[in-house]
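Here is the structure we will look at, set down as structure tokens.
Everything numeric here is computed off the predicted structure, so don't read it as measured data. All ligand and atom numbering here is 1-based and tracks the order in the structure.
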Amino acid sequence: MLLGPPGAGKGTQAQVIAGRLGVPAISTGDIFRANVSGQTELGKQAKSYMDAGDLVPDEITVAMVKDRLAETDAKGGFLLDGFPRTIAQGEQLRGSLQELGHHLDCVLELVVDEDELVRRLSGRRMLVDGEWVQRDDDKPETVRHRLEVYREQTAPLSGFYASEGLLAQIDAIGSIEEVTARAMAALERPGQSDDS
Ligand code: AMP
């Protein structure tokens with residue numbers, strides 16, 4: 001599982017690392033965005049929270065992840081990106097994994113200081129239908145709120161998983177390749193931190 005604040009590079013690293021491990025990357029943010037674009041019922045429920053930079057309520061998110069983890073491609077393992085984001089989600093995940101006969105091997109925390117996050121998020125653009133666009137929730141006022149939400153609701157998961165001996169922290173500043181190399185090394189030794 002990848003843990004880290006918005007802008008730490010979780011999405012990018014999730015794609016690369018999942019490719020190396022040969023497992024699907026499961027990103028709750030991507031699933032929500034696909035549902036918003038497709039104007040599904042789930043998308044309609046999630047949109048106002050996402051636009052405000054708030055977390056989508058746990059009951060919606062947890063049920064969605066439970067269904068996704070039960071799909072065939074996740075049978076041989078998976079990489080979670082952006083879930084869990086609250087201690088309650090972490091506890092629910094533990095139950096879902098038990099039911100499915102899975103367990104977490106490693107929680108990889110991407111560490112980036114807040115000034116760098118603000119710089120990255122305000123400059124970030126996504127390619128949509130051939131055009132570079134800014135995500136609504138990357139606007140400066142929403143970015144600040146998302147970082148606050150991270151500090152208050154998600155950062156405590158770091159201690160939660162450290163106490164289970166599953167946490168590996170890596171410095172996520174550097175090129176994509178450098179960060180991937182640190183991530184792959186850390187996956188070999190969960191429970192220890194990167195001192196570089
Ligand atoms: P992300 O792409 O991971 O930054 O997610 C974008 C937005 O989707 C977040 O700001 C939340 O509104 C929502 N979201 C993604 N994952 C979760 C989650 N695990 N719990 C609640 N909301 C989430």
Side-chain angles (χ1 to χ4, degrees), residues 1-18 24-70 74 78-97 104 107-112 114 116-128 132-158 160-161 172 176 179 183:
M1 183 203 124
L2 290 187
L3 178 68
K10 293 189 302 298
T12 305
Q13 291 300 330
Q15 290 304 323
V16 182
I17 298 168
I26 298 181
S27 154
T28 41
D30 283 352
I31 302 176
F32 281 133
R33 275 184 291 279
N35 277 277
V36 170
S37 314
Q39 300 186 339
T40 66
E41 196 46 46
L42 177 67
K44 284 178 200 156
Q45 289 175 335
K47 188 174 183 331
S48 59
Y49 299 101
M50 295 173 76
D51 286 349
D54 284 321
L55 295 183
V56 178
D58 284 350
E59 55 276 19
I60 300 177
T61 311
V62 166
M64 175 181 94
V65 172
K66 201 170 173 189
D67 288 350
R68 179 63 188 88
L69 295 184
F78 43 81
L79 181 71
L80 284 171
D81 158 23
F83 183 91
R85 253 175 156 105
T86 61
I87 297 279
Q89 289 182 7
E91 282 165 351
Q92 295 275 348
L93 174 66
R94 190 185 281 151
S96 302
L97 292 178
L104 278 180
V107 175
L108 195 59
E109 182 177 352
L110 304 188
V111 179
V112 179
E114 210 161 303
E116 171 71 7
L117 294 172
V118 173
R119 204 181 57 75
R120 286 187 187 181
L121 288 166
S122 25
R124 179 161 82 169
R125 297 293 181 274
M126 296 171 82
L127 197 57
V128 177
W132 290 101
V133 293
Q134 185 173 40
R135 265 171 56 171
D136 283 338
D137 60 354
D138 280 348
K139 303 261 155 65
E141 55 287 4
T142 319
V143 161
R144 272 191 291 276
H145 182 58
R146 285 165 66 207
L147 290 172
E148 235 169 68
V149 167
Y150 182 81
R151 264 198 310 271
E152 285 169 14
Q153 303 193 53
T154 309
L157 283 166
S158 182
F160 179 83
Y161 287 118
I176 293 175
V179 177

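- In this structure, of Asp54, Val36, Asp138, Leu80, the residue bringing a heavy atom nearest to atom 11 (C) of ligand 1 is Asp54.
- Counting heavy atoms closer than 4.0 Å to ligand 1, residue Lys10 contributes nothing at all.
- Atom 2 (O) of ligand 1 has its nearest heavy-atom neighbour, among Gln89, Met50, Lys47, Arg33, in Arg33.
- Separating the CD atom in Glu148 from the CD atom in Gln153 is a distance of 10.5 Å, to the nearest 0.5 Å.
- When each of Leu157, Val111, Asp81 is checked for a side-chain contact (heavy atoms from CB on, under 4.5 Å) with Leu3, only Leu157 meets the rule.
- In summary, the side chains of His145 and Asp54 do present a donor paired with an acceptor at a separation below 3.5 Å, with no hydrogens or angles considered.
- At a heavy-atom cutoff of 4.0 Å, ligand 1 is contacted by no atom of Asp58, backbone or side chain.
- Looking at Pro84 next to ligand 1, no N or O pair under 3.5 Å apart turns up.
- Contacts between Met64 and ligand 1, counted as non-hydrogen atom pairs separated by less than 4.0 Å, are absent for every part of the residue.
- Atom 21 (C) of ligand 1 has its nearest heavy-atom neighbour, among Thr28, Asp30, Val56, in Val56.
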| request: Applying side-chain hydrogen bond (donor to acceptor under 3.5 Å, both in side chains), run through Asn35 and Thr40 and close with a yes or a no. | output: CA-CA 5 Å; Asn35 277 277; Thr40 66; 2.7 Å; yes
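- The closest protein non-hydrogen atom to atom 19 (N) of ligand 1 is Gly82 O, 2.9 Å.
- Annotation for ligand 1: atoms under 4.0 Å from non-hydrogen atoms of Thr61 are 18 (C), 19 (N), 20 (N), 21 (C).
- If you look at Leu55 next to ligand 1, the close heavy atoms, those under 4.0 Å, come from the backbone and the side chain alike.
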| Intermediate values then yes/no, salt bridge (charged side-chain N to carboxylate O under 4.0 Å, His left out), Asp138 and Arg146 | CA-CA 9 Å; Asp138 280 348; Arg146 285 165 66 207; 2.8 Å; yes
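- Here the shortest heavy-atom distance to atom 9 (C) of ligand 1, taken over Gln153, Arg85, Arg146, belongs to Arg85.
- Between Pro84 and Tyr161, the closest heavy-atom pair is CG-OH, 3.5 Å.
- Looking at Gln89, its side chain does come within 3.5 Å of a backbone N or O of Arg85 through a donor-acceptor pair.
- Although no hydrogens or angles enter the test, the distance criterion places a donor-acceptor pair under 3.5 Å between the side chain of Thr28 and the main chain of Gly82.
- Looking from atom 23 (C) of ligand 1 to the surrounding protein, the closest heavy atom is Phe32 CE1, 3.7 Å.
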